[in-house]
Protein chains: 2
Amino acid sequence: MTARTSAETARDIPEATVARLPVYLRALTGLSEAGTRTCSSEDLATAAGVNSAKLRKDLSYLGSYGTRGVGYDVEYLRYQIAREIGVTQDWPVVIVGIGNLGHALANFSGFRSRGFRVVALLDADPSRHAEQVAGIDVRPFDDLDAIVREHAVAIGVISTPAHAAQDVADAMVAAGIRSILNFAPTVLAVPEGVDVRKVDLSIELQILAYHESRKALGDQPEPGRQEQEVRS
Amino acid sequence: MTARTSAETARDIPEATVARLPVYLRALTGLSEAGTRTCSSEDLATAAGVNSAKLRKDLSYLGSYGTRGVGYDVEYLRYQIAREIGVTQDWPVVIVGIGNLGHALANFSGFRSRGFRVVALLDADPSRHAEQVAGIDVRPFDDLDAIVREHAVAIGVISTPAHAAQDVADAMVAAGIRSILNFAPTVLAVPEGVDVRKVDLSIELQILAYHESRKALGDQPEPGRQEQEVRS
DNA sequence: TAGATTGTTAATCGATTAACAATC
DNA sequence: TAGATTGTTAATCGATTAACAATC
């Protein structure tokens, strides 16, 4: 059933915890840049916008990286989380669809510092192939296979219109990509073993609209809300 | 404790269900545009990328809008979900921060059809105030108060750099906005009663990287995965 | 009536939280 | 030793899922 060997330390980290590790990593980077050497679970939880019990429970899945009575060494914990996520080295990424959003993504400066490297920008429209975006040539979509092979690309970003997204996903999967970040507002069908994460502006806004509608009714804070109401 | 009156039908819809209603709404729009008049929970679930038991459970929180032995009337269910979410009318939205991402958001065509209307684009940089983006004037950030009042804006979108985001959020809250969609890679502190949703490219990529790392180890599909592995 | 499909129940699973023993 | 803070336990809460009675 599984290919895991007992030599792998791979504890089973809950999905909800996995989704928060990057938040902790960013908070630690912030603390580090502010010159903080040591922090308590309470400090880090505040910086990350969660409660400290949840933070400690999350960290406990990685191991025991704190010191009772003292707290966590910021640099050490940061490295351990980066290692756990797998961003101690850079992941090569391709972006397909260089419209407005693709431009914004290509110009996003956080890629490099957070474990990613954009190795190619692809677009099906030949009129874009003259362009350079963020210092990177825009290349024909048909080059996908060659690029994935050349750079061992494992992660693909789709920023095409919705109608093109499934074809792009199919081509990515055929080229060997098994992790896809989809900005196109459409449900992608992918084979087993391929991960798709979706970022969808309309859906986020509609979730806000739902809660906003209820607020308007009572026109005062809901009962039982937390201080820091960040959902993600 | 709560301001709800018994006249309100407001059943308590679980947050996980709320987050899927927009997905169902979009799937129904797709079915409708394809000319489908009636669909089963199985059909709709497939279109939305979830399993049918979950779909039926979700819909049961809204009411009984299907017909046993027959299925759902696409238009009718679509309207009911739109009403539940609160997007039968348009919500006025402001976007603050008109860089690459702000441009992309302003040009996003799905706003109008999905229940939103961009009433203003704001930027602190005076050199941008000459510009028009997507046919809308870019205005000084200081106009926020007046614009929120004039258009009864309830939802704000932040697409500034991280260092500016908290100030923007504070100003939005002060102006009366109580729902914020934050694209800046930072945790926002907001008072009780204000909803923040976060969209974060690096975090999404890092979650993919985590799973990609594990795949590389075994180099074959994980056990116990679903057919359609869409996480959101 | 027979077949199809919903809406609901109940079991299971996973996530959150408070409390506190362990320990620096 | 006294104070501080972690890592873990156990209780609770919320979400998912399969199964099926209700009913078109």
Side-chain angles (χ1 to χ4, degrees), chain A residues 11-21 23-24 28 36-74 76-77 80-81 84 207 222-232, chain B residues 11-21 23-24 28 36-74 76-77 80-81 84 207 222-232:
Chain A
R11 267 157 286 231
D12 213 35
I13 301 185
E15 194 54 36
T17 297
V18 170
R20 283 188 294 265
L21 292 180
V23 180
Y24 302 153
L28 285 164
T36 308
R37 309 293 291 265
T38 294
C39 68
S40 68
S41 62
E42 193 59 45
D43 298 334
L44 182 52
T46 301
V50 302
N51 76 48
S52 64
K54 191 188 279 182
L55 171 81
R56 288 199 301 278
K57 181 79 174 148
D58 284 340
L59 294 184
S60 76
Y61 292 110
L62 312 193
S64 281
Y65 297 132
T67 307
R68 288 168 202 240
V70 178
Y72 302 91
D73 181 282
V74 171
Y76 180 65
L77 183 58
Q80 292 302 336
I81 292 179
E84 191 70 38
I207 295 169
E222 308 270 305
R225 300 232 163 181
Q226 310 131 290
E227 310 88 60
Q228 164 79 353
E229 276 191 283
V230 175
R231 277 186 268 262
S232 72
Chain B
R11 265 156 287 233
D12 213 34
I13 301 184
E15 194 54 36
T17 297
V18 170
R20 284 188 293 266
L21 291 180
V23 180
Y24 302 153
L28 285 164
T36 308
R37 309 292 291 264
T38 294
C39 68
S40 67
S41 62
E42 193 61 44
D43 297 335
L44 181 53
T46 301
V50 301
N51 77 48
S52 64
K54 191 188 280 181
L55 172 80
R56 289 199 300 279
K57 182 78 173 148
D58 284 340
L59 294 185
S60 76
Y61 292 110
L62 312 193
S64 280
Y65 297 133
T67 307
R68 288 168 201 239
V70 177
Y72 301 91
D73 181 284
V74 170
Y76 181 64
L77 183 58
Q80 293 301 336
I81 292 178
E84 191 71 37
I207 295 169
E222 310 269 304
R225 299 236 164 179
Q226 309 129 291
E227 311 89 58
Q228 165 80 355
E229 276 190 283
V230 174
R231 276 186 272 260
S232 73

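A note on names: the letters A, B, ... follow the listed sequences, proteins ahead of strands, and every chain is numbered from 1. Since the structure is predicted, the reported quantities are computational estimates derived from the model, not experimental observations.
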query = Below 4.5 Å, heavy atoms only, C-beta onward: do A:L59 and A:I81 meet side chain to side chain?
reply = yes
Interatomic distance where CZ belongs to A:R20 and C1' belongs to C:dG14 [whole Å] = 12 Å
Value in whole Å for how far the P atom of D:dA19 lies from CG of B:N51 = 12 Å
query = Any chance the side chains of B:T46 and B:D43 put a donor and an acceptor closer than 3.5 Å?
reply = no
note = side-chain hydrogen bond (donor to acceptor under 3.5 Å, both in side chains) filter on B:S41, not counting sequence neighbours, yields B:R56
note = Where DNA chain C forms runs of at least three Watson-Crick or G-U pairs (i with j, i+1 with j-1, under 3.5 Å), the stems are C:3-24 with D:3-24
task = Please state how far atom NZ in A:K54 lies from atom C1' in C:dA19, giving the value in whole angstrom units.
result = 17 Å
request  = Quick one: list whatever passes side chain to side chain contact (heavy atoms under 4.5 Å, CB included) with B:R20, sequence neighbours left out.
outcome  = B:A16, B:T17, B:Y24, B:V50, B:K54, B:D58
key: Where protein sits on nucleotides 3-9 of chain C, one letter per nucleotide: B base, S sugar-phosphate only, - none, heavy atoms under 4.0 Å   = -BBBBBB
query = How long is the line joining OH of B:Y61 and P of D:dG14, in whole Å?
reply = 11 Å
request  = Flag the pair A:L77 / A:L44 as yes when at least one side-chain heavy-atom distance between them is below 4.5 Å, and no otherwise.
outcome  = yes
note = In whole angstroms, the gap separating P of D:dA15 from CG of B:D58 amounts to 10 Å
key: Test item: B:I207 and A:E15 side chains (from C-beta on) under 4.5 Å apart, heavy atoms   = yes
query = Would you call A:L62 and A:L21 a side-chain contact if the rule is heavy atoms closer than 4.5 Å?
reply = yes
message = Expressed as a whole number of angstroms, how long is the span from B:I13:CD1 to D:dA15:P?
response = 12 Å
ask   = Mind checking what makes side-chain hydrogen bond (donor to acceptor under 3.5 Å, both in side chains) contact with B:N51, not counting sequence neighbours?
value = none
